[in-house]
Amino acid sequence: MVLFSCAGIAAARSSMARSEEDRHLHFEGQTDCEPAPLPTVRHSSSHVMAQAVKQLFPDVKLAIGPAIEDGFYYDFAKSEPFTPEDLNRIEQRMREIVQKDLPFVREEMPREAAVRFFESRGEPFKVEILKGIDALSVSLYRQGDFVDLCRGPHVPATGHIKAFKLLSSSGAYWRGSEKNPMLQRIYGTAWLTQEELDRHLWRLEEAKKRDHRKLGRELDLFVFQDVSPGAPFWLPKGMVIFRELERFWREVHDARGYQEISTPILVNRRLWEESGHWEHYRENMFLVEVEEQVFGLKPMNCPESTYVYRHHLRSYRDLPLRLSELGRLHRFERSGTLAGMFRVRQFTQDDAHIYCRPDQLQSEITGVLEIVQLLYGAFGFEPRFFLSTKPDKGMGDPALWEQAETALREALVKRDLPHEVRAGEGAFYGPKIDVVISDVLGRDWQLATIQLDFVMLPERFGLEYIDADGQAKRPVAIHRAIYGSFERFVGILTEHFAGAFPTWLAPVQARVLPVSEKIAAYGRSVFDRLRDAGIRVELDDRNEKLGYRIREAQLQKLPYMLIVGARESQEGTVSLRRRTGEDVGAVPVDRLCADLVAEVASRSVSLTVGRS
RNA sequence: GCUGGCGUAGCUCAGAGGUAGAGCGGCUGCCUUGUAAGCAGCGGGUCGGGGGUUCGAAUCCUCUCGCCAGCUCCA
């Protein structure tokens, strides 16, 4: 159940991956995989893999093997995990099976017969699946000596599998429940052509290179320490990025009537009881006992923002009230779920709660969408929008739901934003818009959410305003976050840009490199000029060869290197080198300064200095 | 939390019962530097932590903490 979904930070999950697994696990739909070429090849690859495994390890039991996003897996019951050498052997055997071009043959048999068949073959998981379904007749697919319970479809023969590779193995629970025995899962990837496979493998390789945990350490942005798992230590350079994001965010919000607040991190249990977190969310909260009172570290900002709302008696004239808060939150996440900046226990949410009248909803949503486009545009992200509507369990006045969903839809239309509807996927307290972006490697990230709330804050905390008719009325609350969390967002940006941040975000924007000590004075004067202009500039006048210092600046991915020697010192120029390796040549210091300032002010994603 | 893997110098890693190693980084000196690594020398470690086995433990056993992959979870 989705509760208190105050701008959740969960990664977007592929709906396809979900359904392909569910088809197998729960016999949903008519087939075991999407009957399109790519899922079919992947599904067939998983059968070939199972065949290879059965040949090499006759004692393993078969569980399930669906196609998933980018590939396939198969789960086996086996006492020992598969080793990397095992995977090599299995992959080799798969290639032999492909070589033989064995046809996939479909057979039908009564369910009861199938139960006996799989019992006789010693496949308890297949039997369990068969006993759980109510079909009279089921289908099997056979290729060579291998046969599996399966609804297909499959490629005509194993020779149609052209481009695949096994990737990894690990434990996975039978039917996805930690109460069930653990199986051994092997993941593979399969594509229609070798080119697509190569490209996918390149992407995996590239993602590894861009890992923000590695880059964060190498570029001195942030580190994790044993003493506080799931909570980053922001280093000076990482903090520059954090502060620039904050600055940008505040600029945008200040200009749009938001009022920033800051509420306590440590709050008495009474508040959490009032908000319902104590009942529904306690196991994810860090609790502290002092003087016989229990306090909780806030996992969300929303309850406390209502205290700010209630500080005054509100008039309809006060609305909308837009209260923003960069709140530091703590959520207890199970140890095995932490993952760098992507899944943390402490993070800073760029939160805001808008309290408004129902008739103001559309314009408020429109305003939030504008902010989303503005903030994401700066990074070159193209947001996609998902509108989630009333679920069966939705609470509150149906007319209000209707009005709110219309407001959300019209706000999207008004800003000319195409969107996908996720019917019935809204929270019980209101409909929402989720925003997803794709990074440069094509990975999807859910960042912003805009959630309407008729129930949680307004009802539980008894929020009111006095309307024009003198009557007390209930406002609607809008929960929204744009970056989601600074931690996760910086992690995403780090991988998206591979550490080569746009100049406005770069911890060091330029470095002056005097060719030798003879040029030290001029180097310092250039450095001073830029620093006075507000540029984050460094002077590297160490007693090292130019090539050595360039290499270091290059590895640190500094946008600009400013090389100065006798020539430049005479002409009042610098020799400009970009981190891309381009040698731009001599640029007068005046122009350099003006261009740099302009590039930073415009928050350009590309390096523009010296292009004019 | 579960399954498996891994914790050795700031970083990347070698060492697998017998006196803790390398490369890079750091420091010092020489060189006086022109677009991705000049040369030499010197420091640097309770081998994640606790307990055990052993004459002797980085190495074997055990507990624990953390990290990685996947599962589960993600309000």
Side-chain angles (χ1 to χ4, degrees), chain A residues 1-13 21 73 75 78-84 167-187 208 211 213-214 217-218 220 223-230 275-277 279-285 299-300 302 329 331-340 342-345 427-429 446 449 451 456 479 488 513-520 541-557 561-568 574-579 581-585:
Chain A
M1 176 150 81
V2 181
L3 278 180
F4 310 109
S5 176
C6 300
I9 60 162
R13 187 164 190 154
E21 285 164 9
Y73 69 75
D75 285 344
K78 179 173 181 292
S79 50
E80 297 294 314
F82 291 101
T83 65
L167 297 176
S168 61
S169 68
S170 67
Y173 299 107
W174 168 235
R175 289 179 177 251
S177 165
E178 56 190 338
K179 295 191 182 70
N180 289 338
M182 185 157 289
L183 308 170
Q184 299 301 329
R185 174 174 296 179
I186 302 179
Y187 282 98
K208 216 179 285 174
D211 190 318
R213 292 167 291 201
K214 178 167 166 275
R217 191 174 49 241
E218 288 173 0
D220 293 320
V223 286
F224 289 86
Q225 303 283 359
D226 289 1
V227 288
S228 190
S275 68
H277 287 80
E279 188 187 345
H280 297 290
Y281 200 69
R282 190 183 357 163
E283 63 280 10
N284 288 298
M285 287 176 62
M300 291 169 209
C302 19
L329 306 183
R331 300 178 183 182
F332 172 72
E333 306 287 0
R334 297 162 94 191
S335 54
T337 64
L338 301 176
F342 293 159
R343 191 81 187 278
V344 287
R345 285 180 174 158
F428 72 87
Y429 50 79
Q446 188 192 314
T449 72
Q451 311 201 341
M456 283 300 306
H479 308 247
R488 184 156 166 277
L513 306 174
V515 167
S516 83
E517 282 173 11
K518 294 175 196 148
I519 314 297
D541 56 1
R542 286 176 305 168
N543 187 11
E544 297 286 355
K545 288 218 189 302
L546 181 61
Y548 180 89
R549 287 174 289 154
I550 284 178
R551 178 177 154 82
E552 289 214 335
Q554 199 77 47
L555 290 174
Q556 286 290 306
K557 314 201 185 213
M561 282 152 261
L562 316 173
I563 292 134
V564 294
R567 211 163 47 235
E568 290 78 12
V574 304
S575 173
L576 183 70
R577 179 188 164 104
R578 298 203 179 92
R579 66 180 161 208
E582 289 169 276
D583 183 352
V584 178

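Everything numeric in this text was worked out from a predicted model, so none of it was measured. Throughout, a chain's letter reflects where its sequence line sits, starting with A, and its residues are numbered from 1.
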Pair assignment for [N], Watson-Crick or G-U wobble, requiring both distances under 3.5 Å:
{"N": "B/C60", "value": "B/G52"}
{"N": "B/A40", "value": "B/U28"}
{"N": "B/U35", "value": "none"}
{"N": "B/U19", "value": "none"}
{"N": "B/C67", "value": "B/G5"}
{"N": "B/C47", "value": "none"}

Nucleotide N/O to protein N/O under 3.5 Å, stretch nucleotides 3-12 of chain B:
residue	atom	partner	partner atom	Å
B/U12	OP1	A/Arg217	NH2	3.0

Less than 4.5 Å apart, any side-chain heavy atom of [X] and any of [Y]?
{"X": "A/Ile563", "Y": "A/Asp583", "result": "no"}
{"X": "A/Val564", "Y": "A/Pro514", "result": "yes"}
{"X": "A/Pro299", "Y": "A/Asn284", "result": "no"}
{"X": "A/Met456", "Y": "A/Phe428", "result": "yes"}
{"X": "A/Thr449", "Y": "A/His479", "result": "no"}
{"X": "A/Tyr187", "Y": "A/Ser170", "result": "yes"}
{"X": "A/Leu513", "Y": "A/Leu562", "result": "no"}

Whole angstrom is fine here: how far is it from [atom1] in [X] over to [atom2] in [N]?
{"X": "A/Glu333", "N": "B/C2", "atom1": "CD", "atom2": "P", "answer": "17 Å"}
{"X": "A/Phe342", "N": "B/C68", "atom1": "CZ", "atom2": "P", "answer": "12 Å"}
{"X": "A/Gln225", "N": "B/G48", "atom1": "CD", "atom2": "C1'", "answer": "12 Å"}
{"X": "A/Asp541", "N": "B/G34", "atom1": "CG", "atom2": "C1'", "answer": "16 Å"}
{"X": "A/Arg345", "N": "B/C73", "atom1": "CZ", "atom2": "P", "answer": "18 Å"}
{"X": "A/Glu517", "N": "B/C30", "atom1": "CD", "atom2": "P", "answer": "11 Å"}
{"X": "A/Glu178", "N": "B/C74", "atom1": "CD", "atom2": "C1'", "answer": "13 Å"}
{"X": "A/Phe332", "N": "B/C73", "atom1": "CZ", "atom2": "P", "answer": "16 Å"}

With [atom1] as the reference atom in both, quote the distance from [N] to [M] in angstrom, rounded to an integer.
{"N": "B/C60", "M": "B/G44", "atom1": "C1'", "value": "29 Å"}
{"N": "B/G52", "M": "B/C6", "atom1": "P", "value": "26 Å"}
{"N": "B/A9", "M": "B/G5", "atom1": "C1'", "value": "24 Å"}
{"N": "B/U8", "M": "B/A16", "atom1": "C1'", "value": "13 Å"}
{"N": "B/G7", "M": "B/G15", "atom1": "C1'", "value": "15 Å"}
{"N": "B/G18", "M": "B/C47", "atom1": "P", "value": "16 Å"}
{"N": "B/A57", "M": "B/G51", "atom1": "P", "value": "13 Å"}
{"N": "B/C73", "M": "B/C65", "atom1": "P", "value": "24 Å"}

Toward the 5' end of RNA chain B, which comes first, A/Tyr187 or A/Lys518, by nearest nucleotide? A/Lys518
Taking for A/Phe224 and for A/Asp583 the nucleotide of RNA chain B with the nearest heavy atom, the one nearer the 5' end belongs to A/Asp583
Tell me which nucleotide among [options] gets nearest to the side chain of [X].
{"X": "A/Thr337", "options": "B/C73, B/G26, B/G70", "answer": "B/C73"}
{"X": "A/Arg343", "options": "B/U33, B/C73, B/C71", "answer": "B/C73"}
{"X": "A/Leu338", "options": "B/U72, B/C67, B/G34", "answer": "B/C67"}
{"X": "A/Arg213", "options": "B/C71, B/U32, B/A69", "answer": "B/A69"}

[X] side chain to [Y] main-chain N or O, any donor-acceptor pair under 3.5 Å?
{"X": "A/Arg213", "Y": "A/Ala339", "value": "no"}
{"X": "A/Gln554", "Y": "A/Arg549", "value": "no"}
{"X": "A/Glu568", "Y": "A/Gly565", "value": "yes"}

State whether the distance check finds a donor on one side and an acceptor on the other, under 3.5 Å, for side chain A/Arg334 versus base B/U72. yes
Close N or O pairs between protein and nucleotides 36-43 of chain B (under 3.5 Å):
residue	atom	partner	partner atom	Å
B/A36	N7	A/Arg577	NH2	3.3
B/A37	N9	A/Arg551	NE	3.4
B/A37	N7	A/Arg551	NE	3.2
B/A37	N7	A/Arg551	NH1	3.2
B/A37	N7	A/Arg551	NH2	3.3
B/A37	N6	A/Arg551	NH2	2.3
B/A37	N1	A/Arg551	NH2	3.1

Under 4.0 Å between any heavy atoms, over every strand shown, what does A/Ala566 touch: base, sugar-phosphate, or nothing? Just pick one. base
If you look at every strand shown and take non-hydrogen atoms under 4.0 Å, does A/Glu283 touch a base, only sugar-phosphate, or nothing? nothing
My understanding is that only residues two or more places apart in sequence, or in another chain, count here; which of them pass side chain to side chain donor-acceptor pair (under 3.5 Å) with A/Glu178? A/Arg334
Set out, in order, the CA-CA distance, both residues' side-chain angles and the distance that settles side chain to side chain contact (heavy atoms under 4.5 Å, CB included) for A/Val584 and A/Arg578, then state yes or no. CA-CA 7 Å; A/Val584 178; A/Arg578 298 203 179 92; 3.4 Å; yes
